[in-house]
Undergrad: 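Please read through the structure below; I'll follow up with questions.
A note on names: the letters A, B, ... follow the listed sequences, proteins ahead of strands, and every chain is numbered from 1.
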Amino acid sequence: MLMMPPKLTIAKVFSEMKAIAHSAGKESQKAKKEKIQKLLVASRGEEAKFIVRMLQAKLRIGIQIPTLLQALAYAFTLTKPGKSCGPAAVTDRRHGQAKLSAAELEPQMIGMEAAVKQAFSEMPNFDKLVAALMEGRDGSSLLQVCSISVGVPVKPMLAKPSKGIAEVGERLSGKRFTGEWKYDGERAQIHVLSKDVIQIYSRNSENMTEKYPDVIEVVKQSLAEDVQSCIIDSELVAFDQVNRKILPFQVLTTRGRKNITVEDIKVNVCLFAFDCMLVNGQPLVKEPLELRREKLWSILSPAEGKVTFAVYRNFNEINEEEIQAFLDESIAGSCEGLMLKTLTENATYEPSKRSLNWLKLKKDYLEGMADSIDVVPIGAYYGKGKRSGAYGAYLLAIYDQENEEFQTVCKAGTGFSDEDLTTHYSFFKNHQRPCAETNYNVNDKLKPDVWLEPCQVWEIRAADLSISPVHTSAFGVKADGKGIGLRFPRFLRIRDDKTPEESTGSEQIVEMFEAQASVSGTAAVDDDF
DNA sequence: GTTGTCTGCCC
DNA sequence: ATTCTGC
DNA sequence: GCAGAATGGGCAGACAAC
């Protein structure tokens, strides 16, 4: 007789998941499959669904880290951990002797939430946060144990996209502010624990130290004598040391990531520093940018082509022409646009996306400055999650007159309102094809769930164009066996005034590719890819 | 040994 | 990364 | 305005398959 496996417990699922995560090497895929199979067989009711979602890291239950932090804050406000009696011993402040009124608890909960979120931003580590809370730390004392410290990556301060210079004006009017070039590289948070121990963390707090031994070396040499410790915020950008030129992001991504030695580095980088969160043990996050920048300049000296500071210009008041001119300069200088930050007022370093006090101004946000492209949807992919039952993304192509074929440039899955998604789905339901048209030039890897008749033109926007291993537009023109694809594509609108044959041509795609500052002027683009 | 596919991480 | 939407 | 959840191009590296 078949026996039902024992009921799953949280501890069991947790340990199995850890085992799956840590399994590596030959036959590891098989081992993982077997473990997952066992979990699914033992699951009952809805358990299987959530096990699968957990494995996909897409729980979709309306709760992510911010909500979890809020819950922690509320829990430790409403109940207090008991003294040395194990985790179950708590004092509930809603009932009994320790009872507080709702009016008394409310502000405490709000204050605690702010403290917990601040603590997690500065020390994003649940082990440490929960340990501090279990010690009975409250809003005021939590930051004493969970505050910015060298060796623990801080959640980097992020920027809010701005729609145009007018919006920038609204946000910054009446305040002194600065504009900085926004470099197209990899965010790097540099932790100097001592002159001999330097670590680099990514935007998502991954340790990249192993990837950048060259940067470690040059930072060591560029630090001022009296610096024992510091945390620097910066961007690492691929850099041509011979021609003193910034190289495209795509070049940076070809750098190796593991077991890197300085001798065999093929892609050199230049560090563009722009902020400093701690110097010699002293946190600076509560200080205004103007002072932090001053500190930064005092602890780091530039090294030609290796270390420098982000180009900036300070403004005492809004001047749209000057901002526009500075933006144009940044584009000409191979940058993505500008970062705009207050200098004195409201100018502290606010880790994480909790507060988006910085603004980013990129050319592709601006009407008229962006690469706007007319494309034809030729395929569609079934949507997932909240897009189940409709298409979640589309395969987009341009028309190549010479070869009389549709060549793909990108997929698009963003920019659609819910209404757009519905409209497109019902429209294309009646324009499906059983297989690709003979004049569709599509890589196998992009094969859509549904082929579409070429019957509509969409205007889309992109930030950049890149050499693509899968997209077929302008195939072979800029690199052998490769086409051109779009970076950050998004749907803008339907172009009812155009026929599919009038979509953007492949020559225009080539022109747009070549017009990019980080590409133009390169002696032989082909060699770079 | 080479090629193909998937994952995880950049943007 | 970008974008949209419910709260 | 925040939080959440859709979705993009493309690379190195790890495994699997041949």
Side-chain angles (χ1 to χ4, degrees), chain A residues 21 23-33 53 55-70 113 117 158-161 163 171 182-188 202-208 210-211 235-238 248-260 266-267 336 352-357 360 362 364-365 370 381-388 390-396 408-421 444-446 460-471 482-492 529:
Chain A
S23 151
K26 198 162 183 292
E27 308 237 290
S28 59
Q29 205 172 85
K30 199 171 140 214
K32 288 179 193 176
K33 278 183 191 162
R53 286 189 181 182
L55 290 165
Q56 291 177 308
K58 283 173 185 282
L59 217 40
R60 298 202 306 116
I61 54 171
I63 290 173
Q64 290 185 10
I65 284 175
T67 306
L68 189 59
L69 293 171
Q70 187 183 56
E113 183 183 346
K117 287 184 173 175
L158 302 176
K160 177 182 147 29
K163 290 222 163 23
R171 297 266 302 215
K182 185 179 189 303
Y183 296 84
D184 191 8
E186 186 170 17
R187 188 85 175 258
S202 77
R203 176 193 147 112
N204 291 315
S205 305
E206 297 287 333
N207 194 327
M208 300 194 290
E210 191 189 356
K211 183 178 173 183
E235 191 82 7
L236 284 169
V237 183
F249 175 77
Q250 205 175 9
V251 172
L252 180 66
T253 63
T254 65
R255 253 185 91 116
R257 296 167 198 177
K258 299 199 160 175
N259 297 315
I260 306 301
K266 294 188 186 68
V267 177
E336 296 182 291
S352 93
K353 62 179 110 187
R354 194 165 52 85
S355 67
L356 304 169
N357 275 347
K360 54 179 167 181
K362 292 170 60 165
D364 56 297
Y365 300 157
Y381 306 85
Y382 296 124
K384 303 197 168 105
K386 65 181 176 186
R387 295 204 184 158
S388 301
Y391 298 134
Y394 290 83
L395 179 61
L396 306 178
T408 66
V409 282
C410 64
K411 293 195 283 179
T414 191
F416 308 107
S417 66
D418 288 355
E419 193 191 346
D420 290 335
L421 287 166
D444 285 344
K445 292 195 185 81
L446 292 168
I460 61 166
R461 184 173 287 170
D464 272 316
L465 297 90
S466 57
I467 298 296
S468 173
V470 290
H471 291 293
K482 295 189 179 186
I484 293 177
L486 304 183
R487 189 179 183 201
F488 310 145
R490 55 263 199 195
F491 171 82
L492 288 185
F529 298 98

Undergrad: What's Leu69(A) touching, base or sugar-phosphate or nothing? Going by heavy atoms closer than 4.0 Å.
TA: nothing

Undergrad: Nearest to the Thr254(A) side chain among dC15(D), dG10(D), dA12(D), which nucleotide is it?
TA: dA12(D)

Undergrad: Reckon Lys211(A) has a side-chain N or O less than 4.0 Å from the OP1 or OP2 of dG8(B)?
TA: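 Looking at the OP1 and OP2 atoms of dG8(B), neither is under 4.0 Å from any side-chain N or O of Lys211(A).
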
Undergrad: In whole angstroms, how far is the P atom of dC15(D) from the NZ atom of Lys33(A)?
TA: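 Answer to the nearest Å: 14 Å.
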
Undergrad: List the residues meeting salt bridge (Lys or Arg N to Asp or Glu O under 4.0 Å) with Glu235(A), not counting sequence neighbours, and say none if there are none.
TA: none

Undergrad: Got a salt bridge between Glu27(A) and Lys32(A), using NZ or NE/NH1/NH2 to carboxylate O under 4.0 Å?
TA: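 A salt bridge is absent here (no side-chain N lies under 4.0 Å from a carboxylate O).
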
Undergrad: Spell out, as yes or no, whether a donor-acceptor pair under 3.5 Å connects the side chain of Arg257(A) to the backbone of Met208(A).
TA: no

Undergrad: Report yes or no: does Gln250(A) contribute a side-chain atom to a donor-acceptor pair with the main-chain N or O of Ile467(A) at less than 3.5 Å?
TA: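 A pair under 3.5 Å: yes.
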
Undergrad: Hey, is the side chain of Ser202(A) poking within less than 4.0 Å of OP1 or OP2 on dC10(B), counting only N and O atoms?
TA: yes

Undergrad: Would you say Lys411(A) reaches dG8(D)'s phosphate, i.e. side-chain N/O to OP1/OP2 under 4.0 Å?
TA: yes

Undergrad: Between dG9(D), dC11(D), dA1(C), which nucleotide has the shortest distance from any of its atoms to the side chain of Arg203(A)?
TA: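 Closest of the options to the side chain of Arg203(A): dA1(C).
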
Undergrad: Nearest to the side chain of Lys58(A), which nucleotide is it out of dT7(D), dC11(B), dG10(D)?
TA: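 Closest nucleotide among those given: dT7(D).
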
Undergrad: On the nucleotide dT2(C), are OP1 or OP2 found under 4.0 Å from the side-chain N or O atoms that Tyr365(A) carries?
TA: yes

Undergrad: Using atom CD of Gln64(A) as one end and atom C1' of dC2(D) as the other, report the distance to the nearest whole Å.
TA: 12 Å

Undergrad: Pick out which of Glu336(A), Arg487(A), Arg490(A) makes a side chain to side chain contact (heavy atoms under 4.5 Å, CB included) with Asp364(A).
TA: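 Considering Glu336(A), Arg487(A), Arg490(A), a side chain to side chain contact (heavy atoms under 4.5 Å, CB included) with Asp364(A) is found only for Arg490(A).
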
Undergrad: Separation of Arg461(A) atom CZ from dT3(C) atom C1', in whole Å?
TA: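 Going from CZ in Arg461(A) over to C1' in dT3(C) covers 12 Å.
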
Undergrad: Pick base, sugar-phosphate or nothing for Leu421(A), based on heavy-atom distances below 4.0 Å to the nucleic acid.
TA: nothing

Undergrad: With a 4.0 Å cut-off on heavy atoms, is Ala462(A) in touch with a base, just the backbone sugar-phosphate, or nothing at all?
TA: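 Nothing, no nucleic acid heavy atom in range.
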
Undergrad: Hey, does Lys160(A) reach any base, or is it just sugar-phosphate, or nothing, if we go heavy atoms under 4.0 Å?
TA: nothing

Undergrad: Are any of Arg53(A)'s side-chain N or O atoms less than 4.0 Å away from OP1 or OP2 of dA5(D)?
TA: no

Undergrad: Say whether, by atom type as modelled, one donor and one acceptor occur between the side chain of Arg53(A) and the main chain of Leu59(A) under 3.5 angstrom.
TA: yes

Undergrad: Would you mind telling me which of dA6(D), dG10(D), dG8(D) lies closest to the side-chain atoms of Arg387(A)?
TA: dA6(D)

Undergrad: Without decimals, in angstroms, what is the distance between Ile65(A) CD1 and dC2(D) P?
TA: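 Whole-Å distance recorded here is 17 Å.
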
Undergrad: Would you indicate what Asn204(A) reaches in the nucleic acid, counting non-hydrogen atoms under 4.0 angstrom: base, sugar-phosphate, or nothing?
TA: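 It contacts sugar-phosphate atoms only.
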
Undergrad: Return the nearest nucleotide to the side chain of Asp184(A); candidates are dC11(B), dA3(D), dG10(D).
TA: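 It is dC11(B).
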
Undergrad: Return the nearest nucleotide to the side chain of Glu336(A); candidates are dC11(B), dG9(D), dG4(D).
TA: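 Looking only at heavy atoms from C-beta outward on Glu336(A), the closest nucleotide is dC11(B).
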
Undergrad: At under 4.0 Å between heavy atoms, what does Lys360(A) touch on the DNA or RNA strands: base, sugar-phosphate, or nothing?
TA: sugar-phosphate

Undergrad: Within a reach of under 6.0 Å around CD of Glu419(A), are more than 12 heavy atoms found that belong to other residues, nucleotides or ligands?
TA: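 No, the 6.0 Å shell around CD holds no more than 12 heavy atoms from other groups.
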
Undergrad: Find which nucleotide of DNA chain B each of Lys445(A) and Asn207(A) is nearest to by heavy atoms, and output the residue with the more 5' nucleotide.
TA: Lys445(A)

Undergrad: Counting any heavy atom closer than 4.0 Å, what does Pro161(A) reach on the DNA or RNA strands: base, sugar-phosphate only, or nothing?
TA: nothing

Undergrad: Using atom names, set out every protein N or O paired with an N or O of nucleotides 5-7 of chain C below 3.5 Å, distance rounded to 0.1 Å.
TA:
| residue | atom | partner | partner atom | Å |
| --- | --- | --- | --- | --- |
| dT5(C) | OP1 | Asp418(A) | N | 2.9 |

Undergrad: Taking only side-chain nitrogens and oxygens of Lys362(A), does any of them come within less than 4.0 Å of OP1 or OP2 of dT2(C)?
TA: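 Yes, because at least one side-chain N or O of Lys362(A) sits under 4.0 Å from OP1 or OP2 of dT2(C).
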
Undergrad: Does the pair Ile460(A) and Leu486(A) meet the rule for a side-chain contact (heavy atoms from CB on, under 4.5 Å), with working shown?
TA: CA-CA 10 Å; Ile460(A) 61 166; Leu486(A) 304 183; 3.5 Å; yes

Undergrad: Heavy atoms under 4.0 Å, any strand shown: does Ile63(A) hit a base, just sugar-phosphate, or nothing?
TA: sugar-phosphate

Undergrad: Tell me whether the guanidinium CZ or amine NZ of Lys411(A) lies under 6.0 angstrom from the six-membered ring centre of Tyr394(A) and within 45° of its axis.
TA: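 No, a cation-pi geometry is absent between Lys411(A) and Tyr394(A).
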
Undergrad: Can you check the distance between dG8(B) and dA1(C), where both ends of the measurement are the C1' atom (answer in whole Å)?
TA: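 To the nearest whole Å, 15 Å.
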
Undergrad: Counting distance only, does the side-chain N/O of Thr408(A) pair as donor-acceptor with the main-chain N or O of Cys410(A) below 3.5 Å?
TA: no

Undergrad: Would you mind telling me which of dA3(D), dC10(B), dG10(D) lies closest to the side-chain atoms of Glu186(A)?
TA: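 Closest nucleotide among those given: dC10(B).
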
Undergrad: Can you check whether Arg60(A) has a side-chain N or O nearer than 4.0 Å to OP1 or OP2 of dA6(D)?
TA: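 Looking at the OP1 and OP2 atoms of dA6(D), one of them is under 4.0 Å from a side-chain N or O of Arg60(A).
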
Undergrad: Taking atom P of dT2(C) as reference, at what distance in whole Å does atom NZ of Lys163(A) sit?
TA: 11 Å

Undergrad: Quick check: any donor-acceptor pair below 3.5 Å linking the side-chain of Thr414(A) to the base of dT7(D)?
TA: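 For Thr414(A), whose side chain was compared with the base of dT7(D), there is no donor-acceptor pair (under 3.5 Å).
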
Undergrad: Counting only side-chain heavy atoms from C-beta out, which of dC11(B), dA3(D), dT2(C) sits nearest to Pro66(A)?
TA: dA3(D)

Undergrad: Nearest whole angstrom, please: distance from the P of dG13(D) to the CD of Glu210(A).
TA: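 In whole Å, dG13(D) P and Glu210(A) CD are 9 Å from each other.
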
Undergrad: For dA12(D), does either OP1 or OP2 sit under 4.0 Å from a side-chain N or O belonging to Arg257(A)?
TA: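 So the side chain of Arg257(A) is outside the cut-off, no N or O lying under 4.0 Å from OP1 or OP2 of dA12(D).
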
Undergrad: Examine dA14(D): is either OP1 or OP2 under 4.0 Å from a nitrogen or oxygen in the side chain of Gln29(A)? Give yes or no.
TA: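 No.
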
Undergrad: How many whole angstroms separate atom CD of Glu27(A) from atom P of dC15(D)?
TA: 12 Å

Undergrad: To the side chain of Lys182(A), which of dA1(C), dA3(D), dT2(C) is closest?
TA: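 Given the options dA1(C), dA3(D), dT2(C), the side chain of Lys182(A) is closest to dA1(C).
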
Undergrad: Measure CG/Asp420(A) against P/dT7(D) and give the value in whole Å, please.
TA: 15 Å

